[in-house]
Amino acid sequence: MSKKVQRLRRAVRSRAKIRELKVLRLSIHRTAQHIYAQIFDTESKVLVSASTVQKAVSEGLKNTGNSEAAAAVGKAIADRAKAAGISEVAFDRSGFKYHGRVKALAEAAREHGLQF
């Protein structure tokens with residue numbers, strides 16, 4: 001089994017549990033150059049999003065593929081969620097290990113008021 005298939009299988013298991021809980025889902029995706037975060041409702045409709053591709057988030061960053069950039073995305077998603085009236089979500093790491101950039105994004109979102 002390839003690494004991608006293993007990651008996607010992990011993602012399916014965690015998303016099934018989140019679906020049972022019927023809560024909003026903070027889903028992330030990371031590539032070598034960027035990191036993306038979106039908050040979905042129970043019907044998979046995007047309510048809020050932030051990524052290093054967006055100029056407002058990547059402004060002032062030297063590199064968009066590191067933990068510093070992930071923390072900036074976490075801060076942006078938390079601020080946008082608060083503006084939309086969202087305070088509590090379930091963290092969907094999309095099968096990625098909770099380490100490095102994924103951890104930096106999650107901790108930054110928690111520090112700025114998002115609960116999960």
Side-chain angles (χ1 to χ4, degrees):
M1 231 183 304
S2 70
K3 287 177 78 173
K4 183 177 180 181
V5 171
Q6 288 175 333
R7 180 184 70 80
L8 292 174
R9 288 180 71 169
R10 284 192 301 267
V12 166
R13 286 196 305 264
S14 64
R15 286 181 185 149
K17 182 63 179 177
I18 292 170
R19 199 172 300 118
E20 282 178 18
L21 298 173
K22 295 188 183 339
V23 293
L24 299 178
R25 172 171 63 110
L26 169 60
S27 180
I28 61 115
H29 182 74
R30 67 174 175 83
T31 63
Q33 290 184 338
H34 296 287
I35 190 156
Y36 309 84
Q38 297 176 316
I39 296 179
F40 294 96
D41 66 359
T42 54
E43 295 155 4
S44 297
K45 180 182 172 199
V46 177
L47 303 174
V48 180
S49 67
S51 73
T52 53
V53 176
Q54 297 169 339
K55 204 148 194 93
V57 176
S58 63
E59 198 172 279
L61 295 175
K62 185 178 179 184
N63 187 352
T64 58
N66 58 13
S67 294
E68 182 184 326
V73 172
K75 178 186 181 308
I77 196 78
D79 292 341
R80 292 174 185 179
K82 278 198 283 189
I86 300 167
S87 62
E88 194 168 329
V89 295
F91 187 58
D92 175 11
R93 55 191 173 84
S94 301
F96 295 108
K97 293 182 180 178
Y98 188 79
H99 183 302
R101 291 187 286 159
V102 174
K103 184 177 178 180
L105 188 148
E107 289 177 351
R110 280 192 191 109
E111 286 174 10
H112 289 91
L114 206 55
Q115 296 177 346
F116 47 94

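Sequential numbering from 1 along the given sequence is applied to the chain's residues. Worth saying up front: this structure is predicted, and the values here are computed from it rather than measured.
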> What do the steps show when you test Lys17 against Glu20 for salt bridge (Lys or Arg N to Asp or Glu O under 4.0 Å), and what is the final call?
Replying inline: CA-CA 5 Å; Lys17 182 63 179 177; Glu20 282 178 18; 3.6 Å; yes

> If you measure only the distance, is there a donor-acceptor pair under 3.5 Å linking the side chains of His29 and Ser94?
Replying inline: no

> Is it true that the NZ or CZ of Arg30 lies under 6.0 Å from the centre of Tyr36's six-membered ring and within 45 degrees of the ring axis?
Replying inline: no

>> Looking at every non-hydrogen atom in both residues, tell me the closest pair between Ala32 and Arg101 and how far apart they are.
In response: O-NH1, 4.2 Å

> Any idea which heavy atoms bring Ala50 and Val73 closest together, and the distance?
Replying inline: O-CG1, 3.7 Å

> Would you say Asp92 and Arg15 make side-chain contact, with heavy atoms under 4.5 Å?
Replying inline: yes

> If we only count heavy atoms from C-beta on, is the Leu47 to Phe40 side-chain gap below 4.5 Å?
Replying inline: no

> Does the side chain of Arg7 come within less than 4.5 Å of Ser2's, by heavy atoms?
Replying inline: no

> Would you call the rings of Phe116 and Phe91 parallel, tilted or perpendicular if under 30° counts as parallel and over 60° as perpendicular?
Replying inline: parallel

> Of the non-hydrogen atoms in Ala109 and Ile77, which two are nearest, and what is the gap between them?
Replying inline: CB-CG2, 4.4 Å

>> For Gln6, I'd like to know if atom CD has over 12 heavy atoms of other residues, nucleotides or ligands within 6.0 Å.
In response: yes

> How about Ile86 and Lys82: do any of their side-chain heavy atoms sit closer than 4.5 Å?
Replying inline: no

> Just wondering, are more than 12 heavy atoms of other shown residues or ligands nearer than 6.0 Å to CZ in Arg9?
Replying inline: no

>> With heavy-atom distances below 4.5 Å as the criterion, would you say the side chains of Val102 and Lys97 are in contact?
In response: no

>> Quick one, Val57 and Ser51 - any side-chain contact, counting heavy atoms below 4.5 Å?
In response: no

